[in-house]
Amino acid sequence: MEKIFAHPEALYDVSTHYCPGCGHGIVHRLVAEVVDELDIRERTIGIAPVGCAVVAYDYWKFDCSEAAHGRALAVATAIKRVRPQNVVFTYQGDGDLAAIGTNETIHAANRGENLTVVFINNAVYGMTGGQMAPTTLLGQKTSTTIDGRQIEQHGFPLKISEILATLPGVCFVERVSLHNPQEVFKAKQAIKQAFKNQIDNSGFSLVEVLSPCPTYWGLSPKEALDWIRSVMQKEFPLGRIK
Amino acid sequence: MLRKRILISGNEAIAEGAIQAGCNFYAGYPITPQNELIAYMAKYMPVCRPGRESGGVFIQAESELAAINMVYGASAAGARAMTSSSSPGVSLKQEGISYISGSQLPAVIVNIMRGGPGLGNIAPAQSDYFQATRGGGHGDYRLIVLAPAGVQEAYDLTQTGFRLADKYRIAVMILGDGILGQMMEPVKLSTKKITTSPLRPWALTGCKGRKPNIVKSFFLREGDLEKFNLKLQKNYQVIKENEARCEDLLLDDAKIILVAYGTMARIAKSALNQLRLAGKKVGLIRPISLWPFPEKAFQSRSKKVKYLVIEMSYGQMVEDVRLAVNGFTQVDFLGRSGGGIPSEEEIINRVNKLI
């Protein structure tokens with residue numbers, strides 16, 4: 001009988017530390033499946049962020065580097081330039097990629113670094129206890145926006161993917177979601193494309209994943225998925241941006 | 001580079017020394033007074049040479065933060081990596097230097113010091129001594145800090161720096177001042193073949209045929225970070241015992257010993273020559289490694305010997321001299337900063353008062 005489903009080789013067979021209903025576990029697995037399908041595990045180098053996914057290297061079975069908060073794309077730039085034959089990707093949250101690391105993000109993209117970025121947008125800082133993220137929605141309550149995010153005080157949710165898509169060095173930007181199995185499947189296809197682009201030397205590719213954080217959204221795992229579908233994706237529309 | 005002896009600035013000598021030492025990755029951000037260094041790297045880093053058939057990587061980074069984090073990535077990937085800057089820029093790099101130290105990555109960081117605090121000015125200074133020798137960023141770590149006093153020594157010590165960085169898996173800082181960076185002197189070039197990157201079994205190369213490598217400074221499990229810190233401290237202890245360097249001059253009969261490093265030591269040497277001509281028994285200790293500090297050079301000496309520490313700062317290295325002397329004898333200080341440089345005359349006057 002043909003085996004059509006198995007534990008990915010690029011993923012250690014361990015339990016993760018993530019909260020129930022968190023999207024990180026799903027995206028870790030999608031990355032691992034893509035790495036296996038493209039047969040690149042032995043030449044992949046991942047950059048783990050500072051944030052909830054800080055120990056992503058405990059789950060992925062390939063070479064990984066830490067990066068200081070926000071600096072993943074500077075670290076990745078150098079690794080890729082030193083080792084162009086390796087496949088190098090960063091895995092970053094919204095605070096990491098679009099607040100403290102915006103400069104590194106924009107400039108790596110603008111240089112057209114041949115890298116793959118998996119960008120987790122859960123509209124909140126998870127690891128530090130649910131503070132406002134650059135992508136927090138208007139009206140969304142967090143521990144630092146106790147009456148909800150207000151335009152006058154906090155500005156607007158930052159659409160970093162749309163900004164990056166305007167740069168000539170960027171070849172591929174897609175926003176995907178995890179709110180149902182069909183969307184998870186599409187997310188995997190987009191991540192795979194972003195890795196393929198790097199293998200083909202096409203330049204900077206980014207996949208933004210709308211990912212649930214039930215703990216700091218104050219919702220159950222199922223409600224969190226519904227919130228992405230009914231609220232979050234209105235602010236962050238899904239689909240190919242570039 | 002066919003000529004054996006060339007006239008170049010300190011900044012260029014550091015760059016050339018790095019390339020000669022097998023540096024194959026440089027990332028930097030422009031800042032005065034070290035701009036000749038980044039320009040030299042832009043020109044020569046990508047060029048092939050005997051022993052280095054493929055050119056190295058040069059990146060002008062978007063910020064000092066990006067530059068030091070690129071050095072982190074390059075070193076993690078196995079390259080011999082360097083960045084350079086001047087005081088305000090080196091302050092910005094401290095986060096990355098802490099991470100490099102916490103991840104035990106070899107790297108060379110150049111600081112061509114200018115006046116501070118804040119934006120300060122672009123005049124030469126030595127006021128980053130504390131930052132360089134105490135770690136600078138967060139956490140319990142040290143850098144090996146080498147302080148050249150001339151262009152030839154800048155060239156030589158940069159090569160030593162790369163060697164030590166690899167030997168101890170540590171970040172090495174080349175600490176010069178604006179005079180050293182800008183000054184031109186003849187340099188005798190090394191005829192040694194460029195060494196290729198050393199074997200780094202921990203580097204990120206892709207996990208073909210081995211278990212995955214992880215480069216990190218994060219130790220969340222209880223007890224792990226303390227264990228790691230003890231490992232770092234043990235390494236620092238070995239370095240302290242083996243890598244302290246200094247130059248000494250006319251110490252045997254000296255009643256007063258001048259202590260100065262870098263460019264300041266050259267002015268102190270001129271003062272010493274004048275004082276000796278006048279029959280004054282004066283000697284000089286010039287620390288070359290600022291960390292580890294050459295403590296032993298200050299020990300087992302008569303209580304009657306006095307030290308005069310001279311710095312282009314308001315008293316930073318003097319604290320290390322006092323720690324080394326440990327109350328055994330008098331340690332006096334002469335310093336100016338923010339553009340002021342203690343002159344030969346000021347040194348002579350002070351010595352005459354002390355005698």
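Protein chains get the first letters and strands the later ones, always in sequence-line order, with residue 1 at the start of each. Every heavy atom of this structure was used, including side-chain atoms; hydrogens, water molecules and symmetry mates were not.
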dist B:Leu105:CG -> A:Ser65:OG (nearest 0.5 Å) comes out at 7.5 Å
Taking all non-hydrogen atoms of both residues into account, name the closest pair between B:Ile214 and A:Phe62 and its distance. CD1-O, 4.3 Å
Does the side chain to side chain contact (heavy atoms under 4.5 Å, CB included) test come out yes or no for B:Lys211 and A:Lys61, once each step is laid out? CA-CA 8 Å; B:Lys211 281 185 183 167; A:Lys61 203 191 290 179; over 6 Å; no
With rounding to the nearest 0.5 angstrom, report the CG to CD1 distance, B:Asn213 to A:Ile45. 9.5 Å
Short N-O contact, A:Asp63 and B:Arg210, less than 4.0 angstrom: yes
Measure distances from A:Asn103 to the heavy atoms of chain B and classify the residue's part below 4.5 Å as side chain, backbone, both or neither. both
Can you tell which of A:Arg43, A:His69, A:Gln85, A:Arg111 has the highest number of heavy-atom pairs within less than 4.5 Å of chain B? A:Arg111
Quick one: what part of A:Ile79 sits under 4.5 Å from any heavy atom of chain B, side chain, backbone, both or neither? both
Applying a strict 4.5 Å limit to non-hydrogen atoms, the region of A:Arg41 in contact with chain B is both
Go through A:Gly46, A:Ala108, A:Gly70, A:Cys64 and name the one with the most non-hydrogen pairs under 4.5 angstrom from chain B. A:Cys64
Go through the atoms of A:Arg81 and report whether side chain, backbone, both or neither lie under 4.5 Å from a heavy atom of chain B. both
A:Val88 versus chain B, heavy atoms under 4.5 Å apart: side chain, backbone, both or neither? neither
For B:Glu62 and A:His107, indicate whether the former's side chain and the latter's backbone hold a donor-acceptor pair under 3.5 Å. no
Spatial distance of atom CG (B:Leu65) from atom CZ (A:Arg71) [nearest 0.5 Å]: 4.5 Å
Treating A:Arg83 as the side-chain partner and B:Thr205 as the backbone partner, does any N or O pair qualify as donor plus acceptor under 3.5 Å? no
